[in-house]
Amino acid sequence: VIQRGCCCRGDMGAIHAECLIEQAVFSASPENNYHPWTHCSICSYPFTGTSELALARAWVDRVSPLPAEAAEKLRATENLALALRAAGGLAEAVKVYTEIIPVLRRAEGATAVSTMEAEACLAEIHASQGKFDQALEIQQRVYRQLRESLGAESSRTLYAAVGLANTYGHMGKFTVAEAMRREVLEIQTRLHGPDHPKTLNAMIGLAISCTDLGKPAEAAELESAVLAIRKRVLGAEHPRTLHTMNNLAATYFDMDRFGEAEELHRNVFESRARVLGKDHPETLMSGHNVGCTLFSQAKFVEAERLQVEICEARARVLGEGNPATLITRVDMADVILAQEEVERAHEEAASALKVAEASLGSVHMVTLQLKARLSEILIQMGNPQASADVLVDLLPQMEAELGQNNQFRLLAMATQGDALSLTGRHDEALAVLNKTHSTQTELHGAGHSKSLRTASVLGAALVRAGEAERGVALLEATLAKQRSMLHEDHVNVVATLRRLKDLRPSETVLGDGASA
């Protein structure tokens, strides 16, 4: 017995897998585009979760006697790859695409649309695994070929443009990504009008670029407009409505509007649990997002409890070595560290890093994030030299894999500046921290929590370098801004308070329970 996983039933009802398969065998045909294998006969919405994957595997088994180049066999195999990808089985999905693409090239030609679409899907999986160079090579070629053969306004060309822009964004090439997304939005609006689903998708893409380029207000405006239309047209719990709500919540989070972000993320989490099932990858992603907003509001016990639940579910559903599972472990290490359990945080991060290196490789973006997190924990453990040693090799790898202005690389640069300062290398520390703070201010604004976090580290480094007056003034100004927007127990507020106390042990910090 499995959950139906479609829009009309979600996980509210169950069905025997054999019944769904028998129904598909009986009714699927070229005339109905084999839809019974992929879509619910009641609501016509695509199956998700366990039912999607069970039907996909059964379809492939049924067509296995057919020749490799038979049309239905190609369709069934591509559908299996898509189902595996949706379920988080990325390694198996890559294997399926790697096997089917040569067959498509033989059967339909290297420049056939079906071949290029399969290659585009493979590239998207590479990108989701952090293998951006591999993704970029495929996407650039596919986009160029589609534009030449079908024209810039073809729906397939525009889809390829979106995938390519996404990869540029992941690699930190934000300006290139924004230009492509604005072109896509202009074309879709002209072709279909402002309320068409394709136009709305293009607006969401542009909102991502706005966030990347430090324009969250424009991003929120775009996402709010899309959310209002999708609620009105599709309903409050339609998957696309929930996807938009998730994006808007992420933008609020980036704007440090954590309470609003938590409310939206909770709505998405609860709705996806009802519609898709509590163990669906998208439901688990939403649960993880709720945990992040709890952490940012200093609700550490609740955050850790939820992240443990999400991590266990992701390990069960997606595998211990899946990037999503490991990302949750990164955040678990953060919330443990926030509770000042330094040894336990180090143990969690080190254990996760071993899994990441074995499953994803040494330069995957999640592996790099875990190494960066360990370098922070080493400072907390009183070993800044070990942290600096880790970051010497790590930062060039992060630049090569993630891009120069990637947020995780900039956070690691701030950690490097802190480590250098604590080991007495003051000139190097100040150079790194000034550069990092300048970049973050340009990207996010001087009052953003990321910029303020680095400003706090910079203030302490200035004091250690002999510029006590300037450094203390920066720390006090940073603390005042952090307190105006963050919870008093937020890790960044606590860190700035600790720096002021450590550097001015004979004085009382303003607002710390006594008058100065």
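Both backbone and side-chain heavy atoms feed into the values below; hydrogens, waters and symmetry mates do not.
Taken from CG in Leu378 to CE in Met381, the straight-line distance is 6.5 Å, to the nearest 0.5 Å. With rounding to the nearest 0.5 angstrom, the CD atom of Glu218 is 6.0 Å from the CG atom of Leu206. Distance check: Thr251 OG1 to Glu260 CD gives 11.5 Å after rounding to the nearest 0.5 Å. Atoms NZ and CG, from Lys501 and Leu475 in turn, are 13.5 Å apart once rounded to the nearest 0.5 Å. Here Arg464 contributes atom CZ and Asp502 contributes atom CG; the two are 8.5 Å apart, rounded to the nearest 0.5 Å. For the atom pair Lys481 NZ and Asn492 CG, the distance stands at 14.0 Å (nearest 0.5 Å).
Crowding of Lys215 atom NZ: a count of heavy atoms from other residues, nucleotides or ligands under 6.0 Å exceeding 12. For CD of Glu341, the number of neighbouring non-hydrogen atoms (other residues, nucleotides, ligands) closer than 6.0 Å is greater than 12. Atom CZ of Arg257 has more than 12 neighbouring heavy atoms from other residues, nucleotides or ligands inside a 6.0 Å radius.
Side-chain N/O atoms of Glu376 and Ser387 include no donor and acceptor closer than 3.5 Å. No side-chain donor-acceptor contact under 3.5 Å links Glu357 and Ser362. A donor atom on one side chain and an acceptor atom on the other are not found under 3.5 Å apart for Gln307 and Thr328. Defined by atom type and a distance below 3.5 Å, a donor-acceptor pair is present between the side-chain atoms of Gln385 and Asp389. Side-chain contact annotation: Ser351 with Arg329, donor-acceptor N/O pair under 3.5 Å present. Side-chain atoms of Glu320 and Thr325 include no donor-acceptor pair closer than 3.5 Å. Checking Tyr168 against Gln140 by side-chain atom types alone, a donor-acceptor pair falls below 3.5 Å.
Put simply, the side chain of Arg409 gets close to the backbone of Gln404: a donor and an acceptor are under 3.5 Å apart. Between the side chain of Thr244 and the backbone N or O of Arg240, at least one donor-acceptor pair lies under 3.5 Å. The main-chain N or O of Gly235 is found under 3.5 Å from a side-chain atom of Thr241 such that the two form a donor-acceptor pair. Of the possible polar contacts, none joining the Ser271 side chain to the Val268 backbone as a donor-acceptor pair under 3.5 Å is found. Listed for the Ser456 side chain is no donor-acceptor partner under 3.5 Å among the backbone atoms of Leu452. Within the 3.5 Å criterion, the main-chain N or O of Ile125 finds a donor-acceptor partner in the side chain of Ser128. Of the possible donor and acceptor atoms, one in the side chain of Ser359 sits under 3.5 Å from a partner among the backbone N and O of Val355. A donor-acceptor pair is defined here as one N or O able to donate and one able to accept, closer than 3.5 Å; no such pair exists between the side chain of Thr454 and the backbone of Ser451. Of the possible polar contacts, one joining the Asn434 side chain to the Leu430 backbone as a donor-acceptor pair under 3.5 Å is found. Checked by atom type and distance alone, the side chain of Arg314 pairs as donor or acceptor with a backbone atom of Ala324 at under 3.5 Å.
Under the 4.5 Å side-chain criterion, counting only non-hydrogen atoms from C-beta, Met171 is in contact with Asp133. Taking 4.5 Å as the limit, some side-chain heavy atom of Val493 sits within range of a side-chain heavy atom of Leu479. Looking at Gln339 and Val301, their side chains come closer than 4.5 Å, going by heavy atoms from C-beta outward. The shortest distance between side-chain heavy atoms of Leu374 and Leu370 does not fall below 4.5 Å. The closest side-chain heavy-atom distance from Met245 to Lys231 is below 4.5 Å. Side-chain contact check for Glu467 versus Val463: every heavy-atom pair is 4.5 Å or farther apart. In this structure, Asn405 and Thr439 have side chains that are in contact, with non-hydrogen atoms separated by less than 4.5 Å.
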I would like to know whether Leu306 and Glu302 meet side chain to side chain contact (heavy atoms under 4.5 Å, CB included); could you show each step before the answer?
CA-CA 6 Å; Leu306 180 57; Glu302 187 180 356; 5.7 Å; no

With side chain to side chain contact (heavy atoms under 4.5 Å, CB included) as the test, would you mind laying out the steps for Leu164 and Leu136 before giving the verdict?
CA-CA 7 Å; Leu164 179 56; Leu136 186 64; 3.5 Å; yes

I would like to know whether Gln482 and Ser449 meet side chain to side chain donor-acceptor pair (under 3.5 Å); could you show each step before the answer?
CA-CA 7 Å; Gln482 288 175 327; Ser449 60; over 6 Å; no

Side chain to side chain contact (heavy atoms under 4.5 Å, CB included) between Arg230 and His238: does it pass, once the steps are laid out?
CA-CA 8 Å; Arg230 285 182 166 167; His238 190 280; over 6 Å; no

Run Lys435 and Glu442 through salt bridge (Lys or Arg N to Asp or Glu O under 4.0 Å) and show every step you take.
CA-CA 11 Å; Lys435 180 179 180 181; Glu442 183 179 348; over 6 Å; no

Evaluate the criterion side chain to side chain contact (heavy atoms under 4.5 Å, CB included) for residue pair Glu124 and Arg85; output intermediate values, then yes/no.
CA-CA 10 Å; Glu124 288 174 3; Arg85 177 184 173 187; 2.8 Å; yes

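By the ring pair (Phe, Tyr, Trp, His ring centres under 6.0 Å) test, Phe258 is found to be paired with Phe253, residues two or more places apart in sequence or in another chain being considered. Taking Phe408 as the reference, nothing meets the ring pair (Phe, Tyr, Trp, His ring centres under 6.0 Å) condition, with sequence neighbours excluded.
Checking each of Val335, Asp334, Leu294, Asp331 against Glu304 for a side chain to side chain contact (heavy atoms under 4.5 Å, CB included) leaves exactly one that passes, namely Val335. Of the candidates Leu353, Val363, Leu391, Leu353 is the only one forming a side chain to side chain contact (heavy atoms under 4.5 Å, CB included) with Lys371. Partner Ser286 forms a side chain to side chain donor-acceptor pair (under 3.5 Å) with one of Glu270, His265, Arg272, Arg266 and no other, that one being Arg272. For the side chain to side chain contact (heavy atoms under 4.5 Å, CB included) with Lys299, the qualifying choice from Glu262, His487, Arg305 is Glu262, the only one to do so.
When all heavy atoms of Ala127 and Phe132 are compared, the pair lying nearest together is O-CE2, 3.1 Å.
Between Glu178 and Arg182 there is a salt bridge, since a side-chain N of the basic residue sits under 4.0 Å from a carboxylate O of the acidic one.
Annotation: side chain to side chain donor-acceptor pair (under 3.5 Å) contacts involving residues 202-212, sequence neighbours excluded, comprise Arg181-Ser209.
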